[in-house]
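Working notes, beginning with the structure itself.
None of these values were measured; they are calculated from a predicted model. Within every chain, numbering begins at 1; the chains are lettered A, B, ... in the order of the sequence lines, protein sequences first and strands thereafter.
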Number of protein chains: 2
Amino acid sequence: MASDHTRSAILAAAERLYADRGFGDVTLRDIVAEANVNLAAVNYHFGSKDELIAELFVTRSIQTNRERLNELRAAEDAGGGRAAIEDIMRALVGPTLRGCLGPDREGSTAARFMIRASIESVPPIRRIKNREVDHLRKFAAAMRRAMPGRDDTELYWGLHFALAMAHHTIREKERLLRLSEGKCDLDDVRAIIDRVVTVSVMALTMGDVPSKPAARPVLVHGRLTRQDL
Amino acid sequence: MASDHTRSAILAAAERLYADRGFGDVTLRDIVAEANVNLAAVNYHFGSKDELIAELFVTRSIQTNRERLNELRAAEDAGGGRAAIEDIMRALVGPTLRGCLGPDREGSTAARFMIRASIESVPPIRRIKNREVDHLRKFAAAMRRAMPGRDDTELYWGLHFALAMAHHTIREKERLLRLSEGKCDLDDVRAIIDRVVTVSVMALTMGDVPSKPAARPVLVHGRLTRQDL
DNA sequence: GATAGTTTCATACAAATGTTTGAAATGCAA
DNA sequence: TTGCATTTCAAACATTTGTATGAAACTATC
């Protein structure tokens, strides 16, 4: 191929427009106008609008997933094959939060695009997200190694809640900012990651949740410390 | 007015179709076909498609919000004006989770509609959701009464995380089910509510727990030495 | 520099969609 | 019944949308 110019211009323009205005009201004509290319170029290079969106999303997803797995492997290597649960959770939520939050990220098109993809759920993206389960299984496996003997159910709930806090923070950062009247600092990504990780680990180490919530997580926590050593 | 027949038929049909197939690919023509009414009836009775969707959503939202506030007030009355933090969080997440989860709810159109509204974020619904902040402030106020002296920031983060876990469980219950290979029981709503409440309270009372999990410099800024009395 | 393959372009297509219209039907009060 | 307001209806409107087409422009190879 001669030069990716047109193709890349479309990708860049599409990502920017989708990030700014959402999938709902950005048409192919908007995109090609922004990219200064012909309308037919989209179908020529990508086949269809949905495939364009899919390519945008997979590119960014692969990026995030790779970072996650890199952090996970680093943590496992450092721990001789078994990473501490804190580090596993950090590898899980860190890349996403770092990618989408923070002051400098305000200008990052990629970040804003991923936030958009998290808020609006458009069919081509949903299809890709469904395949994410395989990726998460690797984290479940690492967690199982880090907390042997613990019921799988608890592992999955902990993983689920960690993602819940991370994604919800990204999705609803505007609302949290408004609710807290700016008191919650959403630019301090480090602190947010720490916070999510801390709560996730607490959730994971609290033991079985019976029908009564008054239960105390304290003694179970002691047991974990022994295991984790 | 003679009889709300047409109007209600449209509302019912719309809610059912949106719940089943999502906002993306349900047209007014689908709705009026399902309701056995004329196409123009929608614009006659509701003004526009968006106003129809908005009416559907506000109806269900008001329902949930009323339940929440009822539970909150009941808890505060029982506690002589100050409710336990557990009960506040329960009032916050209970109604939503009870409304959208559980085995019998599989057939509930209203529940499936609200799940849909939570997954897909369509403009008229987003506009309404933005007004939800005022409603949440009442819970922030109750939490402040329950945990006096605690930094507001911590309150907001706790509130935020509670909603994160509740909504994410609703949004991603399919994925959690698949990830856990059915091991996570999403029909046991009681247990789920307990779980979310427990973790939320833990997140809120982090500073109180003497045996903090990690040696992280983590939530230093949020750990107030001044505890509530 | 001719040729084959690739890319770009203007334009047209076809389908879908929310909305409007004006007349017909219906309900209700006097 | 008559008259008036409300409601229903079929049909059309006016866009907008993604996609397809076929010719033209370009590129690289021989």
Side-chain angles (χ1 to χ4, degrees), chain A residues 1-58 113 116-117 120-128, chain B residues 1-58 113 116-117 120-128:
Chain A
M1 74 190 63
S3 80
D4 273 346
H5 171 267
T6 301
R7 212 185 126 88
S8 334
I10 292 173
L11 284 170
E15 186 168 46
R16 186 154 12 119
L17 288 181
Y18 284 143
D20 286 341
R21 294 161 33 193
F23 298 97
D25 53 284
V26 170
T27 71
L28 288 189
R29 281 170 178 83
D30 293 332
I31 294 172
V32 299
E34 179 88 357
N36 280 311
V37 301
N38 188 269
L39 174 60
V42 173
N43 289 277
Y44 177 78
H45 285 282
F46 299 95
S48 72
K49 181 198 184 189
D50 277 14
E51 288 174 87
L52 165 62
I53 295 178
E55 173 149 345
L56 281 172
F57 186 70
V58 296
F113 172 81
R116 207 48 103 153
E120 301 179 32
S121 191
V122 80
I125 289 184
R126 222 173 312 161
R127 275 192 288 272
I128 294 162
Chain B
M1 80 190 57
S3 80
D4 272 345
H5 170 267
T6 300
R7 212 185 128 87
S8 335
I10 291 173
L11 284 169
E15 186 168 45
R16 189 156 8 122
L17 287 181
Y18 283 142
D20 285 342
R21 294 162 32 193
F23 297 99
D25 52 285
V26 170
T27 71
L28 288 189
R29 283 171 176 81
D30 293 333
I31 294 172
V32 299
E34 179 88 357
N36 280 312
V37 302
N38 188 271
L39 175 60
V42 172
N43 289 279
Y44 177 78
H45 284 281
F46 298 93
S48 71
K49 181 198 183 188
D50 277 13
E51 288 175 88
L52 165 62
I53 294 178
E55 173 150 346
L56 280 171
F57 186 69
V58 296
F113 173 80
R116 212 40 108 156
E120 301 179 33
S121 192
V122 81
I125 289 183
R126 225 172 311 161
R127 277 192 286 273
I128 294 162

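Listed by first and then second residue, the side-chain hydrogen bond (donor to acceptor under 3.5 Å, both in side chains) pairs involving residues 35-49 of chain A are A/Ser48-A/Glu51 (not counting sequence neighbours).
Taking CG from B/Leu56 and CZ from B/Arg116, the interatomic distance works out to 14.0 Å, rounded to the nearest 0.5 Å. Summarising the geometry, atom CD1 belonging to A/Ile128 is positioned 10.0 Å from atom CD belonging to A/Glu55; distances are rounded to the nearest 0.5 Å. Rounding to the nearest 0.5 angstrom, the gap separating the CD atom in A/Glu15 from the CG atom in A/Leu52 is 10.0 Å.
As rounded to whole Å, 12 Å separates atom C1' of D/dT7 from atom CG of B/Asp4. Atom pair B/Asn36:CG and D/dC9:C1' shows a separation of 14 Å (rounding to whole Å applied). Across the protein-nucleic acid pair, B/Arg7 atom CZ and D/dT6 atom P stand 15 Å apart, rounded to whole Å.
Take B/Phe23 and apply the ring-ring contact (aromatic ring centres under 6.0 Å, His included) test, not counting sequence neighbours, and it matches B/Tyr18, B/Phe113.
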Determine, for nucleotides 11-22 of chain C in 5'-to-3' order, which nucleotides have protein heavy atoms under 4.0 Å from the base (write B), from only the sugar-phosphate (write S), or from neither (write -).
-> -B----BBBBB-
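Between B/His45 and D/dT8 there is a side-chain N or O to OP1 or OP2 distance below 4.0 Å.
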Verify side chain to side chain contact (heavy atoms under 4.5 Å, CB included) between A/Val122 and A/Glu120, making sure each step is shown before the conclusion.
-> CA-CA 6 Å; A/Val122 80; A/Glu120 301 179 32; 5.7 Å; no
